[in-house]
There are 2 protein chains.
Amino acid sequence: MPTKGASADAADPGTVRPGGRTARVRASVLRAAGDALVEHGIHSLDLADVARRAEVGKTTVYRRWGTTTGLIADLLADMADMAEQSVPRTGSGSLTEDLRSNARLVAATLTDPRQGPLFKAVIAAATCDERTARALHRFHATRIKEWAPCVEGAVARGELPAGTDAREVIRAVSAPLYYRVLADGDPLDDAAADRAAAAAESAARAGAYIG
Amino acid sequence: MPTKGASADAADPGTVRPGGRTARVRASVLRAAGDALVEHGIHSLDLADVARRAEVGKTTVYRRWGTTTGLIADLLADMADMAEQSVPRTGSGSLTEDLRSNARLVAATLTDPRQGPLFKAVIAAATCDERTARALHRFHATRIKEWAPCVEGAVARGELPAGTDAREVIRAVSAPLYYRVLADGDPLDDAAADRAAAAAESAARAGAYIG
C-alpha cells in the first residue's frame with residue numbers, strides 16, 4: 001500500500017514502501033537510535049537527541065514514535081527483519097542444517113559489533129521497564145514463530161516424535177547462546193552455536209519437548 | 001580462623017566468623033545494598049546511601065568494599081552461598097533427580113520476589129560494566145563447578161558417555177530458565193524447570209556434550 005499516509009505508517013511502520021521518503025526517515029531514525037543506545041545506554045535515550053542525530057524534525061519523531069519505548073519496539077522489529085533476511089529460514093529439508101543455521105544466526109547477531117551491544121542494551125532495559133520487556137518478548141515470539149516450521153517439517157517427516165513443541169525446540173537452540181553472553185561470559189563462537197543446535201536436536205529426538 | 005582482623009576480612013569476606021560483629025556488618029550492608037538495587041537499579045547504587053540504610057559507618061563500607069563493583073561482587077558471592085545452602089547439591093545418586101534439583105533451584109532463585117530482581121539488576125549492570133560482568137561470570141563459574149560432580153558421578157556410573165563435559169550439562173540446565181526470564185518472558189515454573197533438566201539429560205545421554 002504505497003499511498004498510505006503518515007498516520008497509518010505510525011500505526012504499522014512495517015507496511016511503508018521500502019524506497020519512499022517515510023522509509024528513509026525511519027531508517028535514519030532507527031540508525032541514530034541504535035548509535036545513541038550503543039554509546040550511552042538506554043537510560044539516556046532521548047527522542048530529541050535521536051532526531052538531531054538523524055537530521056529529522058523533532059515533531060516527526062515524536063508524532064511517529066511517541067516515546068522512547070515506541071522507538072525501541074520499532075528498532076527491535078527492524079532488527080528482526082534484518083536478521084531474518086540474511087539467512088534462509090527453512091527449506092534445507094534437514095533439521096540438523098536448519099537448527100544449525102538458526103544457532104549460527106543467533107550467535108552472529110549477539111556477537112556482531114553493532115547488533116550485540118544493541119541487544120544487550122535492550123535486554124538490560126527490559127529488566128526494569130515493562131514496555132520494553134513486552135517489545136522484547138514480541139520480538140522473540142515472532143522469531144520463534146518464524147523458525148518453527150523447520151521443526152514442524154521434521155515432525156511431519158517423522159524425524160521427530162509426534163507432538164513435539166516446535167517453539168520449545170527453537171527456544172532451546174537460542175537459550176545457551178544468550179546464557180553465554182548474559183550470564184557466564186564464555187566465548188560465543190560457531191562451535192558453541194553448533195553444539196547448541198545439536199543438543200536441542202538430540203533432546204527433541206529423545207522426546208524432551210513433547211506436549 | 002575466627003580471630004582474623006578487618007583487613008583480612010576485606011580480602012576474603014567468606015572466612016569471617018558467622019556470628020561475629022564483622023559478619024553482622026556484612027549482612028546488614030549486603031541487605032541494604034540489595035534493597036537499594038531492587039528499588040533504584042544499579043546506576044543509582046551509592047556506597048554512602050548503602051551505609052546509611054545499613055546504619056553502618058561510611059568509612060567502614062568504603063574501607064571494606066571500596067567500590068560499588070566490589071560490593072556487587074560480594075553480594076553475588078553471598079547470594080551463591082545462600083542458594084547453595086538451601087538445597088543439597090549431590091548425593092541423590094540419580095542424575096535425573098540431581099539435575100531437576102538444580103533446575104528448580106535456579107527457577108526458584110530467578111522468580112524469588114527479592115533474588116529475582118537482584119539477579120536481573122546485576123545482569124543488566126553486567127551488560128555495560130566490565131567489572132560487574134567479571135563478578136557475574138565468577139558467580140556462574142563457581143555455581144557450575146559446584147554442581148559438576150553430579151554429572152561426573154553419572155559418567156563414572158556409566159549413565160552418561162565418557163568424556164561428557166560436566167560444565168556444559170549444568171549450563172544447559174540453567175540456560176533455558178535464564179532465557180525465559182531475560183528474553184522471551186514465558187512463565188518460569190516447576191514444569192519449565194523439569195523440562196530444562198530432562199532436555200539437558202537427554203542431550204547428554206545422546207553425547208551432545210562430549211569433549
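Residue numbering restarts at 1 for every chain, and letters A, B, ... go by the order of the sequence lines.
Contacts between R205(B) and chain A at a heavy-atom distance below 4.5 Å are absent for every atom of the residue. Contact of R138(A) with chain B is not made at all, since no heavy-atom distance falls under 4.5 Å. Using a 4.5 Å cut-off between heavy atoms, A183(A) touches chain B through backbone and side chain atoms alike. Only the side chain of I144(A) comes within contact range of chain B, with at least one heavy atom under 4.5 Å from a heavy atom of that chain. Within the 4.5 angstrom heavy-atom criterion, no atom of D194(A) approaches chain B. For A199(A), the parts lying near chain B are the backbone and the side chain together; criterion is any non-hydrogen pair under 4.5 Å. Residue contact with chain B, scored on non-hydrogen atoms closer than 4.5 Å, involves the backbone and the side chain of Y209(A) alike.
Counting heavy-atom pairs closer than 4.5 Å to chain B, the top residue among A196(A), A175(A), G207(A) is A175(A). When E201(B), R171(B), R134(B) are compared by the number of non-hydrogen pairs under 4.5 Å with chain A, R171(B) comes out ahead.
The side-chain contact (heavy atoms from CB on, under 4.5 Å) with L30(A) is formed by just one residue from the set V50(A), D78(A), V25(A), L76(A); it is D78(A).
When atom types are taken as modelled, the side chain of T111(B) and the backbone of A107(B) share a donor-acceptor pair closer than 3.5 angstrom. At distances below 3.5 Å, at least one donor-acceptor pair connects side-chain atoms of T109(B) with backbone N or O atoms of L105(B). A donor-acceptor pair is defined here as one N or O able to donate and one able to accept, closer than 3.5 Å; such a pair exists between the side chain of R195(B) and the backbone of I210(A).
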Salt bridge (Lys or Arg N to Asp or Glu O under 4.0 Å) between R114(A) and E39(A), intermediate numbers included: CA-CA 10 Å; R114(A) 184 181 166 87; E39(A) 273 174 46; over 6 Å; no
Steps toward side-chain contact (heavy atoms from CB on, under 4.5 Å) verdict (S28(A), R53(A)): CA-CA 9 Å; S28(A) 302; R53(A) 286 170 180 260; over 6 Å; no
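Within the 4.5 Å cutoff, no side-chain heavy atoms of L37(B) are placed close to those of P117(B).
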